[in-house]
Number of protein chains: 2
Amino acid sequence: MNNIEILIVDDEVQIRKMLTITLQSNDYKVSEAINAKEAIIKAANHPPELILLDLGLPDESGHIVLQKLREWYSKPIIILSAHSSEEDIVTALDNGANDYLVKPFRTGELLARIRSVLRSSNQEDENPILYFGELQIDLSARIVKKNDEIIKLTSTEYTLFCLLCKNEGKVLTHHYLLKSIWGPSYVTQSQYLRVFIAQLRKKVEDDPNRPSHILTESGVGYRFV
Amino acid sequence: MNNIEILIVDDEVQIRKMLTITLQSNDYKVSEAINAKEAIIKAANHPPELILLDLGLPDESGHIVLQKLREWYSKPIIILSAHSSEEDIVTALDNGANDYLVKPFRTGELLARIRSVLRSSNQEDENPILYFGELQIDLSARIVKKNDEIIKLTSTEYTLFCLLCKNEGKVLTHHYLLKSIWGPSYVTQSQYLRVFIAQLRKKVEDDPNRPSHILTESGVGYRFV
DNA sequence: ATAAATCTTTATAAAATCTTTACAACTTTA
DNA sequence: TAAAGTTGTAAAGATTTTATAAAGATTTAT
C-alpha cells in the first residue's frame, strides 16, 4: 500500500467493484461515491490524490460535478465516460479534467494514465534546509543565512562550507578537503585551505578569533559543529 | 500569436500540413521534424513548449525518441499514433508521454488535450499573476508590468525572466538556465546568458548597474529576489 | 522585397575571485 | 619555556568571470 488515495465516482456497482479491485491490487487506497452529491461531499471531507469521475451520474451531470470540484480541487481528475462525442471530451478537458477515457476502457491503459497524471502533478520539489544554531543552509537554493540574513559566499567558500556542514561533528582532513574541492593534484596546497577557512570564519562566525562552528584540529584538519 | 511553440514530429507530409494549419490557426507557433534524428536535433537546439510525436517514424521507433527526449526534456509530449494496442499506449505513457491519441483523431479533441497538458504543466491556475514589489508577471497572458506599465520583452527574454521568477530566491546555475532555454547543446554558451541578463536588467531594474532583483552569483549563476 | 526586430558574436572594460606571499600568532613537544 | 612546526591573516598580484556596447547575421513582419 503506497497510501495514494483514489476516489471512484460511478453509479454502477459493477464498475465500482471492478475499479476498486483493480486499483487495490495495484496498491492504491480506494474510496467510492455513487452520485454527484456524495462525490462532492467525500472529496471535500477527505480530499483524495486523484478522482475517477463518471459523467453519467443519476442526480447531476458529471460536467457540473467537475466544475464544482475544480473551484477548489487542484489534483488530477480523470473522466470515465460512456459518451465518446467530441463535445463531451472537449468540454470536460476544458473544464479542468486531466484525461478522458471512453468506456469500456482497458485496465492497463487506465492504470498507465493514472500513473501519468500522478507523475506530472507530483513534481513538487522538496527543500532540504540544514540548521545549525543561528546558521541555516538551503541546499536547493544554494543560500546560507545567519540569523535569517543572507551571507554572501563565493563558489569555493560555499562548496567548502557545505562539505563541512554535511559532515557535522566529523574531522575532515586537509588531504580530504583539498582533494574534494580543488582536485587530487592540490592535496599539498594546505595554504589554500587556511585562506578559505579564514574567510569563511570571517563571514560565518560571531568572533572569528574564537570560532564556535569551524574548529581547527591541529595537524589533522577541520571540524564543523 | 501567443508564442507557445509546438514541435510536430511526423513523417507524413499531409499530417504535418494538417497539424500545422490547425495549430497555427489556433495561435500556436509551429516547427516540424520529419524523422527521429531531426526531432532530437530540433528539440535540443530550440526546445518547444510541447511536442507532438508520431510513433511510426522511418529511421527509429518513436518509443526510442521519447526515451531520449525524456532524458532532459520535461515539458509535455503527446503521442499521435496509428497503433492502438494497449502495449504501445502503456509503454509510451510509462516512458513519460503526457497523453496518447490514436489516429485518426478529432481536431477539437487534440486541441483540448493540448490545452489540458499545457495547463497542468504550468500549474499556475490558482494565481497566474506573480507580484514582486513594483513588478508583476501575468503568466497566462505572458505580460510583464513594472509600476503598472507594460514592459516589452522578447520571447527569449520573457522565458528567461519567467524561469527566474518562478524560482524566486533560488540560485539557478548557468548550466540549468542554458539547458532550459537554449537546449542541452548550449550549456557552454555562458555569454548568451550575460547578454540577455544585461538586457533584462536594462528593462526591469530601476538601476541596471545596481540590480535589486536579478542578482549575480559569480561563478555559479543568477538569482531573482 | 524591404524594413524592423531579434538573436548571435565579438571586443573590451570592470568587477569578483583565486592564488601567492609575507609574516604574525598559536600549538605542540622536549 | 624555547624551538619547531602549524595555523591565521592581510594584502598584492594574477586570473577568471561578468557587464556592456555594438556590429553582423538571421528571423519576422509588413
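Quick note on labels: first sequence line is chain A, next is B, and so on, each numbered from 1.
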Could you state the [atom1]-[atom2] distance from [X] to [N], rounded to the nearest angstrom?
X: A:Leu193; N: D:dT7; atom1: CG; atom2: C1'; answer: 11 Å
X: B:Lys203; N: D:dA21; atom1: NZ; atom2: C1'; answer: 15 Å
X: A:Glu205; N: D:dG8; atom1: CD; atom2: C1'; answer: 14 Å
X: A:Asn209; N: D:dA10; atom1: CG; atom2: C1'; answer: 13 Å

Side chains of [X] and [Y]: does their closest heavy-atom pair fall under 4.5 Å?
X: B:Asn26; Y: B:Ile114; result: no
X: B:His83; Y: B:Tyr100; result: yes
X: A:Ser212; Y: A:Glu205; result: yes
X: B:Ile6; Y: B:Pro48; result: no
X: B:Thr216; Y: B:Ile197; result: no

Could you list the protein-to-nucleotides 16-18 of chain D atom pairs, N/O on both sides, closer than 3.5 Å?
from, atom 1, to, atom 2, distance (Å)
D:dT17, O3', B:Gly219, N, 3.3
D:dT18, OP1, B:Gly219, N, 2.6
D:dT18, OP2, B:Arg194, NH2, 3.1

For [X], give me all partners under salt bridge (Lys or Arg N to Asp or Glu O under 4.0 Å), at least two apart in sequence or on another chain.
X: B:Lys145; result: none
X: A:Lys103; result: A:Asp10, A:Asp54
X: A:Asp206; result: A:Lys146
X: A:Arg194; result: none

| field | For DNA chain C, the residues among residues 39-48 of chain B that have a non-hydrogen atom under 4.0 Å from it | value | none
| said: I want to check a possible cation-pi pair here: B:Arg142 against B:Tyr158, using under 6.0 Å from ring centre and within 45° of the ring axis as the test. | reply: no
| message | With heavy atoms of chain A within less than 4.0 Å as the criterion, where does contact along DNA chain C begin and end? | response | C:dT17 to C:dA22
| Going by the side chain to side chain donor-acceptor pair (under 3.5 Å) test, which pairs reach into residues 108-118 of chain A, not counting sequence neighbours? | A:Asp99-A:Arg113, A:Arg106-A:Glu109, A:Glu109-A:Arg113, A:Arg113-B:Asp99, A:Arg115-B:Asp94
Pull out every protein N or O sitting under 3.5 Å from an N or O of nucleotides 13-15 of chain D, one pair per line with the distance.
none

Might you point out which heavy atoms bring [X] and [Y] nearest each other, and give the distance in Å?
X: A:Ser155; Y: B:Ser218; value: CB-O, 4.2 Å
X: B:Asn98; Y: A:Ser120; value: ND2-CB, 4.2 Å
X: B:Asp138; Y: B:Ala141; value: OD1-N, 3.1 Å
X: A:Val225; Y: A:Glu168; value: CA-CG, 4.5 Å

| request: May I have the step-by-step check of side chain to side chain contact (heavy atoms under 4.5 Å, CB included) for B:Val90 and A:Leu111, ending in yes or no? | output: CA-CA 8 Å; B:Val90 171; A:Leu111 289 169; over 6 Å; no
| task | Respond yes when some side-chain nitrogen or oxygen of B:Lys202 is under 4.0 Å from OP1 or OP2 of D:dA21, and no when none is. | result | yes
| For the helix from C:dA1-D:dT30 to C:dA30-D:dT1, what is the angle between the axes at its two ends, each from 5 pairs, rounded to 10°? | 40°
| note | Of A:Glu157 and B:Phe196, the one whose nearest nucleotide on DNA chain C sits closer to the 5' end is B:Phe196
| request: May I have all residue pairs that pass ring-ring contact (aromatic ring centres under 6.0 Å, His included) and include part of residues 193-225 of chain A, sequence neighbours excluded? | output: A:Phe132-A:Phe224, A:Phe161-A:Phe224, A:His174-A:Tyr222, A:Trp182-A:Phe196, A:His213-A:Phe224
| Close approaches to DNA chain D from residues 176-186 of chain A, in residue order (heavy atom, under 4.0 Å) | none
